[in-house]
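What follows is a short report on a single structure.
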4 protein chains.
Amino acid sequence: MPRPSLPDAPERARGQRDPEATQRALLAAATAEFAEKGLAGARVDEIARRAGVNKQLVYHHFGNKEALYRAALDQVYAGIRVQERALHLADLPPEAAMERLVGFSFDYLLEHPEFVALLNDENRQEAKHLRDSPGLQAMHSPLVELLQETLRRGGEAGVFRTDMDPVNVYISIAGLSYFYFSNNRTLSAIFGRELDGARAVAARRRHVIDFTLRALRP
Amino acid sequence: MPRPSLPDAPERARGQRDPEATQRALLAAATAEFAEKGLAGARVDEIARRAGVNKQLVYHHFGNKEALYRAALDQVYAGIRVQERALHLADLPPEAAMERLVGFSFDYLLEHPEFVALLNDENRQEAKHLRDSPGLQAMHSPLVELLQETLRRGGEAGVFRTDMDPVNVYISIAGLSYFYFSNNRTLSAIFGRELDGARAVAARRRHVIDFTLRALRP
Amino acid sequence: MPRPSLPDAPERARGQRDPEATQRALLAAATAEFAEKGLAGARVDEIARRAGVNKQLVYHHFGNKEALYRAALDQVYAGIRVQERALHLADLPPEAAMERLVGFSFDYLLEHPEFVALLNDENRQEAKHLRDSPGLQAMHSPLVELLQETLRRGGEAGVFRTDMDPVNVYISIAGLSYFYFSNNRTLSAIFGRELDGARAVAARRRHVIDFTLRALRP
Amino acid sequence: MPRPSLPDAPERARGQRDPEATQRALLAAATAEFAEKGLAGARVDEIARRAGVNKQLVYHHFGNKEALYRAALDQVYAGIRVQERALHLADLPPEAAMERLVGFSFDYLLEHPEFVALLNDENRQEAKHLRDSPGLQAMHSPLVELLQETLRRGGEAGVFRTDMDPVNVYISIAGLSYFYFSNNRTLSAIFGRELDGARAVAARRRHVIDFTLRALRP
DNA sequence: GATGAATGAGCGTTCATTCAT
DNA sequence: TATGAATGAACGCTCATTCAT
């Protein structure tokens, strides 16, 4: 939550040509810039500067600012999906599996403030870029199915309720963590309490897991 | 959640003098514009046009775009505080009081999408305007105290746990509703499920209350 | 030459009505503002603020910004003419009279930096306001006639040349002082030498008198 | 002194690339515009129009209006220094050298009204741009040293006084010409005498040389 | 006479984007 | 592929001036 400003791309040898590296550098710079300033506030000049490349390459490789934004958005979604797919909950008993799932949701947001920031801006724009995304299906979180399966196993084991809509449970789990991170600064200001310190974060993590597990009890 | 674009101010008779009405019109127009586009994306010209007044009056009455943004932010916070103070939970038994509190949190966000939108943008800017706000103290939500008192009464009555940090409980209650509204569009897109219809909203409302009450059980 | 920023007008009792005092205050404020910023750079708001009166009074009393500028210009010319007419050179022997005349030219500019500043701006505008001034004749300096008479007396006494055009002599006398004051800052910068200290000013004064008297020797 | 308004730059073939020509055109246009209107009165749009280039190029090449002003100021100083360095006074006997020096000072101002105009504005701004100029040293006029050497030679030859401060003599020589040109219009208006005609200018030139040489006599 | 609100034109500057090399 | 120059459309803001009271 200290939200470290993402570092600029390393200086490439001048005149060197590596189109893929250029694209990677642009995408990383764009993600950082869009996260900090939003689509409207981000500057193409600044993205190019951060990436250490000529501004025209933004247009060459991505077409325009908005397409670059879409690419950055797709990429951050891809990033979380990769990690979600690496969770192996089937090996664990239902309660431990649920704890891992909730914990993962929390930890990912903690470690990826740019994901939260980009999503916030995209929602303010009514998700219009996301809706246009060709790979939208691929963005569907596998967590919903994992959650559904875990709830089913927990139901059979008698440790979880079985009358809950998995999508709403998913939204609740996500929301308990997401809101804490997305609104951390305004909450800190209003409560006069630093919610972004390591101790507060750890306490919140325990609270979220505890709150969820209790809510799911039969 | 249909998020109706806020209507423009009614055309005032030309040449008429009413500075307070002018300021109100500007503030309303600014709230709508900032909610839709964010601070960076909002256009002073457009705000003036929506308010039906000359653009220069923004500067005459508020100083500059950012000060107008701050005024709009202060006003939306004031709006929710007014309604929060009108809640009378002490008259109700603990569980009913909690249900009302959670229900209010949900309903207010449902009816005030501009509050959610402004807060999102403010958080992306690291709450810098809020932190500078002179009346920051007045923005502290009375709900935390109401919640604390309700939890205490529920604890005595044996219906609530007594080991929870009220601030974290508050954040959880707020987050369960807020995330649903703030991220409604991306969630709808990804789940391929309309989460902003009346039926989905009603189901979410029930879920949030149920989820919270169960989590608070002893 | 420390060119002290002219003080603002004293605060008048609010609501008090004294049209002449208002005009005087405006004129003084305008002179200072125009001297500091020029006609283009001066701000009507700032002039009103300095005068401690409402901006509209500028228009009420003077018509517009340019008319106020003309009024200020006329006034500074009137100021120097008043003092020039108070010189009594006929009582003095020619050389002493000439010294007084040159000394006066120097001293007046030293004490009235706003005169120099206004004249510079007016010249950059090709004197267009001055040419429109109705009382232009009244602005003709009596010094030319005084100078002519002094030169004549000196010629008869054998101490001055008699073959010089009085207007050119006048321009030379004025220029020797005026240039020093009008260009003091750039000269100081380029010579790396503070030309606005009391010592430098006194040395310049002696130099100007000496230079002139020698140039006029037969 | 007919002060012909500087002509606009020739129209460049559209789309042609020549950054140096662009900068030269902008600098020439800026010099003319700043000379006519001053820093505050000059318009960036007008400068671009005169230069026949897009307005944005002012910012691309110079940064902002004030930096362009500084560049113009530096350039006009550089212009006079170049010609001053081309004077070879050592070859001439002292009196002829002095006459050439004074004549040059007069002629340069006659031919470069923009130099006078820019300097006037810069002085009204208290030379703040000049003081910030990195190459300030380079702006020191070589004339002071030339003058000093000429005075020394004239002193040895018995034709000049030896007790004069060269800086003050330099200021006097410059002032005798500068004031005539910088204040030509107000002087013309007040004396009701055209001081910018060829005859008046020629008479002034003779007067200035004569006045100076006589003042320097032992 | 005096005030603060209101207006329209315009100014310096920014920005996403395209051009020429 | 890559670069810096160039462009047109705004944008935030300022300013002299006028209106309504």
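All heavy atoms count here, side chains included; hydrogens, waters and symmetry mates do not.
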- Message: What is the distance, to the nearest angstrom, from the CZ atom on B:R49 to the P atom on E:dG8?
- Response: 16 Å
- Message: Rounded to whole Å, how long is the line connecting atom CG of B:L57 with atom P of F:dT14?
- Response: 14 Å
- Message: Could you go through C:K128 and D:R185, starting from their C-alpha distance and side-chain angles, then the distance that decides it, and tell me whether this counts as side chain to side chain contact (heavy atoms under 4.5 Å, CB included)?
- Response: CA-CA 9 Å; C:K128 81 171 154 148; D:R185 298 308 184 100; over 6 Å; no
- Message: Could you report the tightest heavy-atom contact between B:N54 and B:A48, atom names first, then the distance?
- Response: C-CB, 4.1 Å
- Of C:A40 and B:V44, whose closest DNA chain F nucleotide lies nearer the 5' terminus? B:V44
- Nearest-neighbour nucleotide for the B:R43 side chain, F:dA16, F:dC15, F:dC11 considered: F:dC11
- Indicate the atoms forming the closest heavy-atom contact of A:L26 with A:L68, along with that distance. O-CD1, 4.4 Å
- Worked check of side chain to side chain contact (heavy atoms under 4.5 Å, CB included) between D:V44 and D:Y59: CA-CA 10 Å; D:V44 174; D:Y59 300 91; 3.8 Å; yes
- Query: Of the options C:E122, C:K65, C:E114, which is the one that meets C:F34 in a side chain to side chain contact (heavy atoms under 4.5 Å, CB included)?
  - Reply: C:K65
- Query: Toward the 5' end of DNA chain E, which comes first, C:N54 or D:Y59, by nearest nucleotide?
  - Reply: C:N54
- Note on the structure: In terms of heavy-atom contacts, B:Q23 and B:F62 come closest through O-CZ, 4.0 Å
- In whole angstroms, the gap separating P of F:dT14 from CG of C:D45 amounts to 11 Å
- Considering residues at least two apart in sequence or located in another chain, which fulfil the side-chain hydrogen bond (donor to acceptor under 3.5 Å, both in side chains) criterion with C:E33? C:K37
- Might you work through the salt bridge (charged side-chain N to carboxylate O under 4.0 Å, His left out) test for C:E36 and C:R50, ending with a clear yes or no? CA-CA 13 Å; C:E36 286 173 25; C:R50 281 177 162 206; 2.9 Å; yes
- Paired and unpaired positions of DNA chain E as dot-bracket, Watson-Crick or G-U wobble under 3.5 Å, | denoting a partner strand: .||||||||||||||||||||
- Query: Taking for each residue the nucleotide of DNA chain F bearing the nearest heavy atom, is the 5' side occupied by C:A42 or by D:Q23?
  - Reply: D:Q23
- Query: Listed in order of residue number, which residues of residues 60-71 of chain A have a non-hydrogen atom at under 4.0 Å from DNA chain F?
  - Reply: A:H60, A:H61
- Query: Under 4.0 Å between a side-chain N or O of D:T22 and OP1 or OP2 of F:dA5?
  - Reply: no
- Task: With the side chain of B:K55 defined as its heavy atoms from C-beta on, choose the nearest nucleotide among F:dT18, F:dC13, E:dA16.
- Result: F:dC13
- Where C:A72 and C:L118 come nearest, the two heavy atoms and their spacing: O-CD1, 4.2 Å
- Mind calculating the distance between CD (D:Q56) and P (E:dT13) to the nearest angstrom? 11 Å
